[in-house]
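If you're wondering where the values come from, they're calculated on a predicted model, not measured in any experiment. Both ligands and their constituent atoms are indexed starting at 1 by order of listing. The first residue of the sequence shown is numbered 1, and numbering continues consecutively from there.
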Amino acid sequence: MSTQLKNKLIFERSREGRRGFRVPELDVPARKPEEMVDKKYLRVNETALPEVSEVDVIRHYTRLSQKNYCVDLGFYPLGSCTMKYNPKINEVTAGLAGFAGLHPLQPQKTTQGILELMYDLTERLCEVTGMSWGTLQPFAGAHGEFTGMKFFKSYFKKRGDTGRTKVLVPDAAHGTNPASAHISGFDVVEVKSNEKGMVSVEDLKQHLDENLAGIMLTNPNTLGLYEEDIAEIAELVHDAGGLLYYDGANLNAVMGKSRPGDMGFDVVHLNLHKTFSTPHGGGGPGSGAVMVNKKLEPFLPAPTVRKRGSEYYLDHDIPDTMGRISGFYGNIAVLVRAYTYILTMGHDGLKRASELAVLNANYLKEKLKGRYFLPYDRVCKHEFVLSAQKMKDANGVNGTDVAKALLEFGIHAPTVYFPLIVHEAMMFEPTETESRESLDNFIEVMHEIADLAEKDPDKLHAMPTSTPVRRVDQVQAAKHPVLRWQPE
Ligand SMILES: *Cc1c(COP(=O)(O)O)cnc(C)c1O
């Protein structure tokens, strides 16, 4: 088939009168729409639905499904996103009628199962993080960060400590951190990284005063490096009267190994969709569960799930609550998947997943650092950051070129141009379930791209050639995205 016909939209395939179904002749008197539905609800204009045959529809959707790149198809080293292999048993449990068919307003005596799951999941997440209780309401990591900042707010308000307006955020932080602090009404102050790629304790000390509300930290940080000075940082911030917020999106590196609660953090958000396996490509669905220590428990969003005797219930009686964070109880299907993952993996399995994530990342890092510049050459956790700066200086090949070339080789691109402290950053996070062979294949491809950069950079600039869309105008795509077909 010509590429042109293959890439036609279903609307462009439409031919007047073509049908994909046949219904029996009408054998009752016909009625006008306005006899059945109030006129104000009736359509004014014709709909622009495509008229196609059954074969056209089937081919259209089959083709679309094949254009979709996913972890079920190949290697997906997208840094900072933890694209896990998602065990298929998760889909079975999340789809069980007892969960999928629940209504949020059902009486509590009929929802004991999901409440027990939420209670038990919260307990297990407390164990993993070293915290005392939490909320499953937030719908994403960023939403969890927002909730975390509300804990800060509620805590200082209760103490009448209204001058604490400043939240520290390291320069390596995920962009959502400063955004969440800012949208919650705090002034964001950047803390510098040192030459080791970690929070500079010297710089941190400059910001410890009576205006300090606290700090938001990711550990391991977005360079994939474990903050060695975390105990000292926690002590300094607490001594200055501030709180510590842990961005737990990187928990995949440390499960069963180290706990934010033990590091001194007061509040933690987890990305259940990342660390605890829910497919979330394209931005959802998510769950940004937030766990807190005893100090912050009084401010939990209401309701929170509790247990009385053998009965589970939603406790609305939280006098100092920050209020609701979501309309109902959170993203239930993601919670069921996370719970299934935890139960099937078990304590040792979770620990093993982290060990393998770290092993895979270090293996790749060691095999690639000879060909690509590694700005922070240390043992990493679950991810690491290379730079294309030297390649760019030598041959004009930048991070985007490498990312686009990977698509040509049938591999998903890394995260590029983040974190901001590395020029031409390329951030790789290999999934812990990848085999040695699949990692070796990736390494081979990366070496081939490095060879091309030296010998034939123009070939790289022209890639990808085999994807449905080649290179998009990124500014236009971000500012004026055209996401669907519209009639002329
Ligand atoms: C993914 C991520 C977030 C944000 O999580 P979302 O669910 O995408 O809102 C925050 N911090 C870090 C380090 C992340 O990797």
Side-chain angles (χ1 to χ4, degrees), residues 71 76-84 86 125 129 135-150 167-184 188 191 193 197-199 215-227 230 244-255 260 265 267-291 325-326 330-331 333-335 337-338 354 357 361 380-385 414-422 425-431:
V71 266
Y76 209 122
L78 190 68
S80 189
C81 291
T82 308
M83 301 309 276
K84 276 185 123 95
N86 303 286
L125 295 177
T129 54
T135 174
L136 304 173
Q137 283 187 28
F139 287 115
H143 196 190
E145 293 171 23
F146 175 77
T147 309
M149 289 298 98
K150 291 288 165 215
V167 168
L168 307 179
V169 180
D171 54 10
H174 195 267
T176 48
N177 290 187
S180 299
H182 176 77
I183 205 173
S184 306
V188 177
V191 184
S193 299
M198 298 176 190
V199 170
I215 187 167
M216 298 180 88
L217 270 185
T218 312
N219 194 20
N221 65 25
T222 62
L223 293 167
L225 303 176
Y226 197 87
E227 295 284 355
I230 189 60
L244 282 97
Y245 178 90
Y246 183 91
D247 175 337
N250 290 347
L251 201 78
N252 206 42
V254 295
M255 284 184 293
F265 285 90
V267 48
V268 177
H269 99 257
L270 300 173
N271 275 352
L272 299 187
H273 48 291
K274 293 182 182 169
T275 314
F276 299 97
S277 75
T278 283
H280 58 275
S287 172
V290 175
M291 321 309 292
I325 282 299
S326 76
N331 219 337
V334 181
L335 305 182
R337 289 189 186 95
S354 285
C380 67
K381 292 292 172 248
H382 64 311
E383 63 191 2
F384 60 97
V385 177
T415 298
V416 288
Y417 301 102
F418 172 75
L420 303 175
I421 57 172
V422 173
M426 299 180 291
M427 181 191 227
F428 298 92
E429 180 179 7
T431 306

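- Side-chain polar atoms of Asn250 and Asn219 form no donor-acceptor pair below 3.5 angstrom.
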- request: Take Phe265 and Tyr245 through the ring-ring contact (aromatic ring centres under 6.0 Å, His included) test and state the conclusion after the steps.
  value: CA-CA 6 Å; Phe265 285 90; Tyr245 178 90; 8.2 Å; no
Checking Thr176 against His174 for the side chain to side chain donor-acceptor pair (under 3.5 Å) test, could you report, in this order, the C-alpha distance in whole Å, the side-chain angles of both residues, the deciding distance, and whether it holds? CA-CA 5 Å; Thr176 48; His174 195 267; 2.7 Å; yes
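- In the model, Thr82 has a side-chain atom that pairs as donor or acceptor with a side-chain atom of Glu429 under 3.5 Å.
- Side-chain atoms of Lys381 and Asn252 include no donor-acceptor pair closer than 3.5 Å.
- The shortest distance between side-chain heavy atoms of Asn177 and Asp247 falls below 4.5 Å.
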Filter the ligand 1-protein atom pairs down to N or O on both sides and distance under 3.5 Å, then list them.
from	atom 1	to	atom 2	distance (Å)
ligand 1	5 (O)	Asn271	ND2	3.1
ligand 1	7 (O)	Gly141	N	2.7
ligand 1	7 (O)	His273	NE2	2.8
ligand 1	9 (O)	Gly141	N	3.3
ligand 1	9 (O)	Ala142	N	2.8
ligand 1	11 (N)	Asp247	OD1	3.3
ligand 1	11 (N)	Asp247	OD2	2.6
ligand 1	15 (O)	Ser80	O	2.7
ligand 1	15 (O)	Ser80	OG	2.7
ligand 1	15 (O)	Lys274	NZ	2.7

